[in-house]
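Everything on this sheet refers to the single structure shown next.
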Amino acid sequence: MLSLHYLREHKDEALKGLAKRCNDALPKLVEEALELDRQKRQIMAEAEGQQAEINRMSKEVGEHMRAGNKDKAEQVKALVGVHKESVHELKAKLLQLDTDLNNVLYQIPNVPHDKVAKGKSADENEEVERWGDIPALGDFAEAHWDLASRYSLMDFELGVKISGAGFPVYTGKGARLQRAMIAFFLDEAQKAGYEEVMPPLLVNEDSGFGTGQLPDKEGQMYYVSEDDLYLIPTAEVPITNMFRDIIVDGHDFPIKRCGYTPCFRREAGSYGKDVRGLNRLHQFDKVELVEIAHPDHSYEVLDRMVAHVASLLQKLELPYRILRLCGGDMGFTAAMTYDFEVYSTAQKRWLEVSSVSNFENFQSNRLHCRFRREGEKKTELVHTLNGSALALPRVLAALLENHQDENGISIPEALRPYTGFDRID
RNA sequence: GGAGAGGUGGCCGAGCGGUUUAAGGCGCACGCCUGGAAAGCGUGUUUCCCCGAGAGGGGAUCAAGGGUUCGAAUCCCUUCCUCUCCGCCA
């Protein structure tokens, strides 16, 4: 969530930025939050004054008792009651205000960065880079789901039988290819300085809250009510939460983590031709990058992450474009997001394979992840970033479709050491 | 799942109703000492919030929440977590 400090001191800047999200409700919410904050601080000051009085008097009682002055002690005791009552009342009010304030704050998304364009929907995203030639395939070109069954790489029906739609079974070279990509992505991340971690796949409520999936988007996550745990929708949740309630040492920057995990998404109600095959699944594999950054350098970090993801797609020889999302298309917690899309030749459409975002201090405010500037006494919120590098299913889809020829599918050079084969046929 | 033990500051560890504004130690920072260092000595060292230009002042914080009391780390209730043993188990 946004920090109240920031809202208080940079209200105009916040409103101007938020306007880019094209959501008319936001200015009112900001005003509401500031008003509740004002009331809260006023009442807080009152309650603390009363409490100070009680503390002072209690100390006095102690002194009288020690001096053996019982009457004096009783006299003071009798006077405390009034203050106690008013503290009680003020505290109740405070609790209510706090709840109201949080409810409002939870509805205010992150303020988009200066560079982010105003816009309502995906149509207004800006293309910032394009790489690679879209291969001209002949009439033989097939979509990945057809290729998958022709070469026995996946079995969607089998997945339906075991679990349901959206849970494919990878078989033979399909399974091997999957494993190869995971290893390849992890190795590349490691070369780029990211430390590998293997986090839990189920997380508690605090963690879901820390990265912003809760309280609003619990419908997206599978929930195990028996144990009050959520299946992770992305490794971002457990990995970023490793830094919850922590004051990091400023010398530790840059803090770079990567991890492979399966991801689980309910994706309720989304069925149709656009979600055929590997395009949208309930369970999929992903290698994720997470970085905890110094606020002064987080946009350099973002650029480096983008460059890293680009290098992966280049090594896989997949044509891609990079979009800087407009205000309206950006996620709730992000200040700037770059989406990577690869062109799927057989489906004749762009598929999103990565999303790289700077959350600035929106997540760290909830996570309470802070650091101290050299020589400063006060702590300051860190910036958090993450990016997929990469999400496997759509990369696999594009790989199969773009690298096919009449007789099979060729594996990109970079992956061959991992697959152990250079063609599927 | 059953039984027991326990959660105190960056860490270890005392405290079990009012000189605790949390002892003592370790660590860390700064200073003195030194040719330089170690040792020694001295000072400082939880975090969050509020008021204040600042100096400073105030509040909260001994797992969390509630209660008793003039006053709670300390007593009572509830919840959570950790550890040990047993059972089950890849």
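A note on names: the letters A, B, ... follow the listed sequences, proteins ahead of strands, and every chain is numbered from 1.
Between the C1' atoms of U19(B) and C83(B), the separation comes to 37 Å (whole Å). Remark: the separation of the C1' atoms in C41(B) and U34(B) is 13 Å, to the nearest Å. When the P atom is compared between U84(B) and U74(B), the two are found 27 Å apart, to the nearest whole Å. Distance noted for atom C1' between C30(B) and G17(B): 39 Å (whole Å). A72(B) sits 13 Å from G59(B) when the P atoms are compared, rounded to a whole Å. Annotation: U78(B) and U68(B) have their C1' atoms spaced 15 Å apart (nearest Å). Nucleotides G65(B) and G54(B), compared at atom P, are 30 Å apart to the nearest Å. Of the P atoms belonging to G15(B) and G1(B), the separation is 34 Å, rounded to the nearest Å.
When side chains are defined from C-beta on, Leu392(A) does not count as touching Lys286(A), because their heavy atoms never get closer than 4.5 Å. In this structure the side chain of Val116(A) never reaches within 4.5 angstrom of the side chain of Leu325(A), judged on heavy atoms.
For the pair Asp245(A) and Arg370(A), the salt-bridge criterion is not met [side-chain N within less than 4.0 Å of a carboxylate O]. Ion pair Glu291(A)/Arg257(A) not flagged as a salt bridge, since none of the NZ, NE, NH1 or NH2 atoms sits closer than 4.0 Å to an Asp/Glu carboxylate oxygen. The pair Lys161(A)-Glu157(A) does not meet the salt-bridge criterion, since no charged nitrogen lies less than 4.0 angstrom from a carboxylate oxygen. Between Glu13(A) and Lys16(A) there is no salt bridge, since no side-chain nitrogen of the basic residue lies less than 4.0 Å from a carboxylate oxygen of the acidic one.
Just one of Arg41(A), Lys93(A), Lys40(A) meets the salt bridge (charged side-chain N to carboxylate O under 4.0 Å, His left out) condition when paired with Asp98(A); it is Lys40(A). If you run side chain to side chain donor-acceptor pair (under 3.5 Å) between Tyr222(A) and each of His282(A), Arg265(A), Arg266(A), only His282(A) comes through.
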Write out a two-atom table: protein N or O, nucleotide N or O from nucleotides 78-83 of chain B, distance below 3.5 Å.
none

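Rounded to whole angstrom, the span from the NE2 atom of His5(A) across to the C1' atom of C50(B) amounts to 10 Å. Distance Met44(A) CE to C48(B) P: 15 Å, rounded to the nearest Å. Distance CZ (Arg8(A)) to P (G52(B)): 11 Å, rounded to an integer number of Å. The distance between atom NZ of Lys378(A) and atom P of C48(B), rounded to the nearest whole Å, is 6 Å. The CG-C1' distance, from Leu90(A) to C50(B), rounds to 14 Å in whole Å. Rounded to whole angstrom, the span from the CZ atom of Arg244(A) across to the C1' atom of C48(B) amounts to 17 Å. Distance CG (Leu381(A)) to P (U47(B)): 15 Å, rounded to an integer number of Å.
Here His294(A) and Phe371(A) bring their ring centres to under 6.0 angstrom of each other.
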Problem - Base versus backbone protein contacts along nucleotides 58-74 of chain B [heavy-atom cut-off under 4.0 Å; B, S, -] - result: BSS------S-BBS---
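For the OP1/OP2 pair of U45(B) and a distance below 4.0 Å, the side-chain nitrogens and oxygens of Arg372(A) include no atom meeting the criterion. Regarding contacts with the backbone of C51(B), a side-chain N or O of Arg41(A) is found under 4.0 angstrom from either OP1 or OP2.
Phe421(A) carries Lys173(A) over the face of its six-membered ring, with the cationic atom under 6.0 Å from the centre and within 45° of the normal.
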Exercise for the section: Give the dot-bracket string for RNA chain B, reading 5' to 3', where a pair is Watson-Crick or G-U wobble with both distances under 3.5 Å, ( ) marks pairs inside the strand, [ ] marks pairs crossing earlier ones, | marks a partner on another strand, and . marks unpaired. Expected result: ((((((((.[[[..)..(.....]]]((((((.......)))))).(((((....)))))..[[[[[..)....]]]]])))))))....
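Gln107(A) and Asn103(A) share no side-chain donor-acceptor pair at under 3.5 Å.
Residue contacts shown for Arg38(A) are absent, as no nucleic acid heavy atom lies under 4.0 Å away.
More than 12 heavy atoms of other residues, nucleotides or ligands sit less than 6.0 Å from atom CZ of Arg244(A). Few gaps surround CD on Glu352(A); more than 12 heavy atoms of other groups in view lie less than 6.0 Å from it.
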